[in-house]
Amino acid sequence: MAFMSPDTKAVSGALSTVVSEISHALRSVRIENCQRAARMIASAPRLYFAGAGRSGIGMGMNAMRFMHLGLKVHMLSEPTAPAVNYGDVVIIPSGSGNTKSMLAITHKVMCAGADVIALTTAADSPLSQIATVSIIIDAAGKQSSHRGSTVQYAGSLFEQAAILVLDSIFHAIWQANHLEKDVLWARHANWE
């Protein structure tokens, strides 16, 4: 199948749409929940990230950012990730808040004594109800674009906003601790 190439106007319109939708989604987030999440992250013995599909890929980006702060950070999907223990913090995104694998992880890590920061679109979802703190993002889930908050495809707005919410929390922690960029960058593996 041959695809048609969009013209300049179509690309410009798409960029405007994405920027507008992300701006709305980020403005919808309750700052006090982000601040609470930031306190949990800053004091955690270890920080873990989980996520299914594209959300999981996005969490890898965020995990790297928090590693730059000098935190002990792991992806739960990595075979070398140590066991989650009491006091650790696990960040779990799920647009619907009903993703079975994410709910199973949430139950398991909370039984181990960890706190869970959930990112979801649904305040009344099972994930949001059991998490230690829930960051609710006004964005449609993959199967519910009828909500009217997005015209983007299959959960894109939620995934974009979740990454940016966590990047904003990273930025706030970084700035509050007056860390030099060079200190953070020195923690980056340079394979070039």
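None of the values given here were measured: they were computed from a predicted structure. The residues of the chain are indexed from 1 along the displayed sequence.
- Here the closest heavy-atom approach between residue Ser96 and residue Thr120 is recorded as C-OG1, 3.7 Å.
- In terms of hydrophobic clustering, with Ile, Leu, Val, Met, Phe, Trp and Tyr side chains grouped at heavy-atom distances under 4.5 Å, Leu47 and Leu166 are assigned to a common cluster.
- Using a 4.5 Å cut-off on side-chain heavy atoms (C-beta onward), Asn85 and Pro45 make no contact.
- Remark: the backbone N or O of Lys9 is paired with a side-chain donor or acceptor of Asp7 at under 3.5 angstrom.
- In summary, the side chains of Gln160 and Glu21 do not present any donor paired with an acceptor at a separation below 3.5 Å, with no hydrogens or angles considered.
- Classified by interplanar angle (parallel below 30°, tilted 30° to 60°, perpendicular above 60°), the ring pair Trp174/Phe170 is parallel.
- More than 12 heavy atoms of other residues, nucleotides or ligands shown are found within 6.0 angstrom of CD on Glu32.
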side-chain contact (heavy atoms from CB on, under 4.5 Å) between Thr132 and Met40, intermediate numbers included
CA-CA 10 Å; Thr132 312; Met40 290 166 56; 4.0 Å; yes

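- Nearest heavy atoms, Met59 versus Pro93: CG-CG, 3.6 Å.
- Distance alone, capped at 3.5 Å, places no donor-acceptor pair between the Asp138 side chain and the Ala25 backbone.
- Panel note: side chain Thr121, backbone Gly95; a donor-acceptor pair is recorded below 3.5 Å.
- Ile136 approaches Ser128 most closely through the heavy-atom pair CD1-OG, 3.7 Å.
- Minimum interatomic distance between Asn33 and Ser134 (heavy atoms only, all atoms of both residues): ND2-O, 3.0 Å.
- Interatomic distance, CE of Met75 versus CD1 of Ile57, reported as 9.5 Å (0.5 Å rounding).
- In the hydrophobic clustering of this structure, Val116 does not group with Val89; members are Ile, Leu, Val, Met, Phe, Trp, Tyr whose side-chain heavy atoms approach within less than 4.5 Å, directly or through other members.
- The distance from the CD1 atom of Ile173 to the CZ atom of Arg65 is 13.5 Å, given to the nearest 0.5 Å.
- In this structure, the side chain of Arg187 engages the main chain of Leu69 through a donor-acceptor pair within 3.5 Å.
- Placement of Leu179 and Met67 within a single hydrophobic cluster is found when ILVMFWY residues are connected by side-chain heavy-atom separations under 4.5 Å, directly or transitively.
- Within a 6.0 Å radius of CZ in Arg39, other residues, nucleotides and ligands contribute more than 12 heavy atoms.
- Residues Phe66 and Ile163 fall into different hydrophobic clusters, defined by Ile, Leu, Val, Met, Phe, Trp and Tyr side chains chained together at heavy-atom separations under 4.5 Å.
- Within the 3.5 Å criterion, the main-chain N or O of Met102 finds a donor-acceptor partner in the side chain of Thr106.
- Here the shortest heavy-atom pairing between Gln129 and Ala123 reads NE2-O, 2.7 Å.
- With hydrogens and angles ignored, the 3.5 Å screen pairs no side-chain donor or acceptor of Ser156 with any backbone N or O of Gln152.
- Checked by atom type and distance alone, the side chain of Ser168 pairs as donor or acceptor with a backbone atom of Leu164 at under 3.5 Å.
- Among all heavy-atom pairs drawn from Leu103 and Leu127, the shortest one is CD2-N, 3.5 Å.
- A heavy-atom distance below 4.5 Å is found between the side chains of Val84 and Leu76.
- Considering CD1 of Ile117 and CD1 of Ile91, their distance stands at 4.5 Å, rounded to 0.5 Å.
- Residue pairs meeting the side-chain hydrogen bond (donor to acceptor under 3.5 Å, both in side chains) criterion with at least one partner in residues 40-52, sequence neighbours excluded, are Arg46-Tyr48, Arg46-Asp88.
- Within the 3.5 Å criterion, the main-chain N or O of Ile31 finds no donor-acceptor partner in the side chain of Arg36.
- In this structure, Met110 places its CE atom where more than 12 heavy-atom neighbours from other residues, nucleotides or ligands lie under 6.0 Å away.
- Annotation: side chain of Ile169 is in contact with side chain of Ile135 (closest heavy-atom distance under 4.5 Å).
- Judged by distance alone, with hydrogens and angles left aside, the side-chain atoms of Ser20 form no donor-acceptor pair with the main-chain N or O of Thr17 at under 3.5 Å.
- To the nearest 0.5 Å, atoms CD1 (Ile130) and CD1 (Ile92) are separated by 8.0 Å.
- With rounding to the nearest 0.5 angstrom, the CD1 atom of Ile105 is 14.5 Å from the NZ atom of Lys100.
- Here the straight-line distance linking atom CG of Leu71 with atom CD1 of Ile41 works out to 8.0 Å at 0.5 Å rounding.
- Taking hydrophobic clusters as Ile, Leu, Val, Met, Phe, Trp and Tyr residues chained together by side-chain heavy-atom distances below 4.5 Å, Val133 shares a cluster with Phe49.
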